[in-house]
Amino acid sequence: MAQVGNEEQIIREIMNALSGSARYMADEIKGTFSKYVDIYRSVSGFETQQISLGTVENKRVFLVQSSITEPNYDPGNYLVNAFKGGFFNINENFFPTYLMGGIECYMQSAPSESTGVKVSGSMVSIYNGVESVEDKDMGQVVCAKKASIKFSDNVTSEVSASPGDLFRVAFDVINNVRNRFSGIRDDFVNTYGFEPGDITLTGNEVMLSTLFDLSMSSTMRDYIQRVFSSIVPGQVPELMGLGLLCGAQPDLVFSYDDMERILVLGHPHKVSSGDCLKYSIIKYA
């Protein structure tokens, strides 16, 4: 039992260190990207520090976003109810599993179109106008107001709904879910010091998390690489997620998947909503 107690203490200490570092990175992001965090808040009605770097059509972008995931079909799902009827023909074989709402910001370029609906495989992307920023460091930045809906299968029919209607419904459902689980969201904020970027709903389980793109902080990336160097030697971490899983019996977690290059650690964590799992997922390049 002493060994188990020691293992739990080590995991708790590592999680506390990762939480503190993530809080510092969230504050850094909020300061560096304050204009874009403000634009996102004006679009969505709430704040997020979940920002990632990437490319779209070979153009450099950063994305400020939050999301809702409901991987399994249920007629009572928030996403199913939001997009059925006049938007999509939804059933147990074709239903929305993921919804992202955000701003996609182009550095010294612009999106190919500012308003419209694009379909690619199982993903529907909605663009609902742009906002331009004169940034002293990055020059002109054009931010497209964007929502993406991922379905359980390819979208084969034409999307006739207007971008404005789809975009409004997307943010309505994100806000509805955030409000519905406001107690657990408060627990997340009290645990980590920043807002969750993602909410995943599976049966009775509610998982809140925020994902950090470690290419935005070499200090954070090097720190994580150093902490886990004996477990994942020579590997460079690229993403770190911190989360709270409630609704399942929490237990100690410490594992590394060599195929997926994912390290997971966590421990039971008591919050006002009950006994949850406080965890971190680290993805290596």
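Judged by a 6.0 Å distance limit and a 45° cone about the ring axis, Arg178 is positioned over the six-membered ring of Phe46.
Residues satisfying the ring pair (Phe, Tyr, Trp, His ring centres under 6.0 Å) test with Tyr223, not counting sequence neighbours, are none. When the salt bridge (charged side-chain N to carboxylate O under 4.0 Å, His left out) test is applied to Glu47, the partners found at least two apart in sequence or on another chain are Lys30, Arg41. Listed by chain and residue number, nothing satisfies the side chain to side chain donor-acceptor pair (under 3.5 Å) test with Ser229 (two or more places apart in sequence, or in another chain). Residues that satisfy the ring pair (Phe, Tyr, Trp, His ring centres under 6.0 Å) test with Tyr192, not counting sequence neighbours, are Phe188, Phe194. Take Phe33 and apply the ring pair (Phe, Tyr, Trp, His ring centres under 6.0 Å) test, not counting sequence neighbours, and it matches Phe62. Lys118 is linked by a salt bridge (charged side-chain N to carboxylate O under 4.0 Å, His left out) to Glu57, counting only residues two or more places apart in sequence or in another chain. With sequence neighbours left out, the salt bridge (charged side-chain N to carboxylate O under 4.0 Å, His left out) criterion links Asp172 to Arg168. Among residues two or more places apart in sequence or in another chain, the salt bridge (charged side-chain N to carboxylate O under 4.0 Å, His left out) test is passed with Arg221 by none. Here Tyr279 pairs with nothing under the ring pair (Phe, Tyr, Trp, His ring centres under 6.0 Å) rule; sequence neighbours left out.
The ring pair (Phe, Tyr, Trp, His ring centres under 6.0 Å) analysis of residues 136-180, with sequence neighbours excluded, yields the pairs Phe88-Phe151, Phe94-Phe151, Phe167-Phe171. The list of side-chain hydrogen bond (donor to acceptor under 3.5 Å, both in side chains) pairs with a residue in residues 133-143, not counting sequence neighbours, reads Tyr36-Asp135.
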Output side-chain donor-acceptor pairs under 3.5 Å for residues 248-263, partner residues at least two apart or in another chain, one line each.
residue : atom : partner : partner atom : Å
Asp257  : OD1  : Met259  : N            : 2.9
Asp257  : OD1  : Glu260  : N            : 2.9
Arg261  : NH1  : Ala285  : O            : 2.5

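Ser215 and Asp213 share a donor-acceptor pair across their side chains, judged by distance under 3.5 Å alone.
Between the CG atom in Leu245 and the NZ atom in Lys278 there is a gap of 14.5 Å [rounded to 0.5 Å].
Ile174 approaches Met100 most closely through the heavy-atom pair CD1-C, 4.4 Å.
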